[in-house]
Asker: 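One structure, as structure tokens, below. Some questions next.
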Amino acid sequence: MNAPPTFESFLLFDGEKKITREQDTKVPNAAIFTLNKEDHTMGNMIRHQLLKDPNVLFAGYKNPSPFVNQIIIRVQTTSDYTPNDAFMNAITDLLSELSLFEERFKEQLKEKKEGLE
């Protein structure tokens with residue numbers, strides 16, 4: 001079979017960075033973030049979180065190829081807010097939301113188990 005080993009889809013190789021950033025020269029106050037070893041799930045979650053921020057004018061993502069586990073996120077913000085700040089705030093807020101989700105899930109699971117006993 002010609003498929004690459006499955007670990008290549010999520011393990012970073014030596015010297016490979018998880019996130020890289022470059023300035024978007026086509027539009028003002030914009031940046032392009034590349035997430036290695038990620039797929040549409042992470043790209044869509046981050047894009048959605050970015051769009052909740054009123055200072056974010058545009059947020060979109062793409063997967064350049066189905067054979068490459070990489071997501072490219074483009075962010076444009078207002079002039080008084082940097083794309084880096086928007087991206088970091090989105091990641092921080094997303095982590096908080098996921099922690100809350102995990103906590104509530106565990107509580108409900110515990111209640112369900114206690115109800116069955």
Side-chain angles (χ1 to χ4, degrees):
M1 188 158 96
N2 289 335
T6 53
F7 69 87
E8 286 185 10
S9 66
F10 58 88
L11 286 179
L12 292 172
F13 297 114
D14 289 339
E16 190 175 20
K17 292 184 178 181
K18 184 67 173 179
I19 301 174
T20 57
R21 178 202 182 277
E22 65 182 88
Q23 191 67 33
D24 189 347
T25 57
K26 296 177 184 174
V27 289
N29 217 35
I32 300 168
F33 298 91
T34 303
L35 282 68
N36 288 314
K37 309 298 183 182
E38 293 298 345
D39 60 5
H40 284 286
T41 304
M42 186 63 70
N44 194 38
M45 287 189 338
I46 294 172
R47 178 196 62 87
H48 183 74
Q49 195 69 38
L50 283 163
L51 291 173
K52 288 181 178 180
D53 189 335
N55 292 313
V56 172
L57 302 175
F58 174 82
Y61 80 96
K62 68 178 179 178
N63 181 352
S65 167
F67 302 111
V68 178
N69 292 313
Q70 186 180 65
I71 292 295
I72 298 171
I73 300 175
R74 186 178 304 259
V75 182
Q76 183 182 11
T77 60
T78 58
S79 60
D80 57 336
Y81 194 57
T82 67
N84 276 4
D85 289 341
F87 194 79
M88 291 303 294
N89 289 339
I91 297 293
T92 303
D93 293 346
L94 192 55
L95 285 170
S96 297
E97 283 187 25
L98 290 172
S99 294
L100 180 61
F101 175 78
E102 180 184 23
E103 181 182 316
R104 289 181 179 171
F105 180 82
K106 286 180 178 178
E107 287 174 6
Q108 292 297 312
L109 187 61
K110 183 180 176 184
E111 288 178 17
K112 182 74 173 172
K113 284 182 179 179
E114 289 173 355
L116 293 175
E117 294 175 352

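As a basis for the values below, the full set of heavy atoms in this structure was taken, side chains included, without hydrogen atoms, waters or symmetry mates.
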Asker: Between atom CD1 of Ile72 and atom OG1 of Thr20, what is the distance when rounded to the nearest 0.5 Å?
Answerer: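 The CD1 atom of Ile72 sits 8.5 Å away from the OG1 atom of Thr20.
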Asker: Does anything in residues 67-83 pair up under salt bridge (charged side-chain N to carboxylate O under 4.0 Å, His left out), and if so which pairs, sequence neighbours excluded?
Answerer: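 Checked against salt bridge (charged side-chain N to carboxylate O under 4.0 Å, His left out) - neighbours excluded - the pairs reaching residues 67-83 are Asp24-Arg74.
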Asker: What's the spacing between Gln49 CD and Leu95 CG if we round to 0.5 Å?
Answerer: 9.5 Å
Asker: Roughly how far, to the nearest 0.5 Å, is CG of Leu94 from CD1 of Ile46?
Answerer: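 Rounded to the nearest 0.5 Å, the CD1-CG separation comes out at 6.5 Å.
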Asker: Is there a chain of hydrophobic side chains (I, L, V, M, F, W, Y, each step under 4.5 Å between heavy atoms) that links Met88 to Met45?
Answerer: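 Unlinked, Met88 and Met45 end up in two clusters.
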Asker: Treating Ile, Leu, Val, Met, Phe, Trp and Tyr as nodes and any side-chain heavy-atom pair under 4.5 angstrom as an edge, say whether Phe58 and Tyr81 lie in one connected cluster.
Answerer: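 Phe58 does not cluster with Tyr81.
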Asker: Got a second to check how far Arg21's CZ is from Thr34's OG1, nearest 0.5 Å?
Answerer: 11.0 Å
Asker: What closest approach, in Å, do Ala59 and Val56 show between heavy atoms, and which atom pair accounts for it?
Answerer: CB-CG1, 4.1 Å
Asker: Would you compute the distance between atom CZ of Arg47 and atom CD1 of Ile71 and round it to the nearest 0.5 angstrom?
Answerer: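 Taking CZ in Arg47 and CD1 in Ile71, the distance rounds to 11.5 Å.
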Asker: Whether the Ser79 and Asn29 side chains hold a donor-acceptor pair (N or O, under 3.5 Å, no angle test) is what I'd like checked.
Answerer: no
Asker: For the hydrophobic clusters of this structure (ILVMFWY residues joined by side-chain heavy atoms under 4.5 Å, transitively), does one cluster hold both Leu50 and Met42?
Answerer: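 Looking at the clustering, Met42 is in the same group as Leu50.
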Asker: Is the number of heavy atoms from other residues, nucleotides or ligands under 6.0 Å of Lys18 NZ greater than 12?
Answerer: yes
Asker: For Gln76 and Pro28, work out which heavy atoms get closest and say how close.
Answerer: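 Here Gln76 and Pro28 meet closest at NE2-O, 3.3 Å.
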Asker: So with a 6.0 Å cut-off around CZ of Phe13, is the heavy-atom count from everything else above 12?
Answerer: yes
Asker: Once ring pair (Phe, Tyr, Trp, His ring centres under 6.0 Å) is applied, do any residues pair with His40, and if so which ones, sequence neighbours excluded?
Answerer: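 Expected list: Tyr61.
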